S.K.: 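Right, I'll just put the structure down here and ask away after.
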Amino acid sequence: MGPVLIVDDEFGIVEAVRDLLSDEGYRTATALNGRDALERMRQERPSMVLLDYMMPVLNGPGVLESMQKDPALRDVPVVMMSASPPDFWQHLPCAGFLPKPFDIEQLLDVVRRMIGPPPLTH
């Protein structure tokens with residue numbers, strides 16, 4: 001299973017989500033903008049993407065558009081994260097949405113729904 005790719009321009013959010021998912025047993029990768037996110041996806045296909053809506057360099061909708069055009073990435077589930085109201089994102093082809101701020105259980109619930117429990121490690 002590929003990593004959960006966490007994409008947000010706020011380093012504190014990336015770090016907190018990465019640490020939480022890693023502690024739960026998920027492999028993670030991170031990017032601080034959309035362009036870096038697409039580059040990471042080309043290096044290793046993620047199992048899902050947690051994608052911030054508003055970022056510099058390339059925003060969430062721009063990343064989604066690029067992913068939809070790429071046959072290797074178009075079926076990767078994307079969960080958009082945003083403090084924006086639903087009319088900003090509800091038309092986007094994403095698999096789910098996390099309203100900011102979100103709590104730990106909301107985050108874990110959406111990850112488990114998209115890709116299942118973390119792989120067993122022994």
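In this text the structure is predicted, and so the values were computed from the model without any measurement.
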S.K.: Membership question, hydrophobic clusters at under 4.5 Å side-chain separation (ILVMFWY): are Leu38 and Val78 in the same one?
M.R.: yes
S.K.: Closest approach of Pro61 and Met80, non-hydrogen atoms and distance?
M.R.: N-CE, 4.4 Å
S.K.: Of the non-hydrogen atoms in Pro77 and Ser47, which two are nearest, and what is the gap between them?
M.R.: CD-O, 3.3 Å
S.K.: Looking at every heavy atom in both Gln106 and Pro101, which two are closest together, and how far apart are they?
M.R.: OE1-O, 4.3 Å
S.K.: Can Val76 be reached from Ile115 by stepping across I, L, V, M, F, W or Y side chains whose heavy atoms are under 4.5 Å apart?
M.R.: no
S.K.: Is any side-chain heavy atom of Tyr26 less than 4.5 Å from a side-chain heavy atom of Arg112?
M.R.: yes
S.K.: My understanding is that only residues two or more places apart in sequence, or in another chain, count here; which of them pass side-chain hydrogen bond (donor to acceptor under 3.5 Å, both in side chains) with Asp75?
M.R.: Arg45
S.K.: Closest approach of Gly60 and Met55, non-hydrogen atoms and distance?
M.R.: N-CE, 3.9 Å
S.K.: I'd like to know if Val57 and Tyr53 are part of one continuous hydrophobic network [Ile/Leu/Val/Met/Phe/Trp/Tyr, side-chain heavy atoms within less than 4.5 Å].
M.R.: no
S.K.: Side-chain heavy atoms nearer than 4.5 Å, only ILVMFWY residues, links allowed to pass through others: does that put Met48 and Leu108 together?
M.R.: yes
S.K.: On a heavy-atom basis, which atom in Phe97 and which in Met81 lie closest, and how many Å separate them?
M.R.: CE1-C, 4.3 Å
S.K.: What pairs meet the salt bridge (charged side-chain N to carboxylate O under 4.0 Å, His left out) rule with one or both residues in residues 33-42, with sequence neighbours excluded?
M.R.: none
S.K.: Leu50 and Leu21: side chain to side chain contact (heavy atoms under 4.5 Å, CB included), yes or no, with the steps?
M.R.: CA-CA 11 Å; Leu50 293 168; Leu21 292 179; 4.0 Å; yes
S.K.: Which of these passes side-chain contact (heavy atoms from CB on, under 4.5 Å) with Leu51: Leu98, Val79, Leu64?
M.R.: Leu64
S.K.: Are Arg74 and Met67 packed together at the side-chain level, in the sense that at least one heavy-atom pair is separated by less than 4.5 angstrom?
M.R.: no
S.K.: Are Met114 and Ile104 connected, step by step, through hydrophobic side chains (Ile, Leu, Val, Met, Phe, Trp, Tyr) whose heavy atoms are closer than 4.5 Å?
M.R.: yes
S.K.: Between Asp70 and Ala72, which heavy-atom pair has the shortest distance, and what is it?
M.R.: OD1-N, 2.9 Å
S.K.: List the atom pairs, donor and acceptor, that lie under 3.5 Å between side-chain atoms in residues 1-12 and the rest of the protein, sequence neighbours left out.
M.R.:
residue : atom : partner : partner atom : Å
Asp8    : OD1  : Glu10   : N            : 2.8
Asp8    : OD2  : Lys100  : NZ           : 2.7

S.K.: Taking the basic N atoms (NZ, or NE/NH1/NH2) and the acidic carboxylate oxygens, is any pair closer than 4.0 Å for Arg113 and Asp109?
M.R.: yes
S.K.: Any side-chain heavy-atom pair from Val63 and Asn59 closer than 4.5 angstrom?
M.R.: no
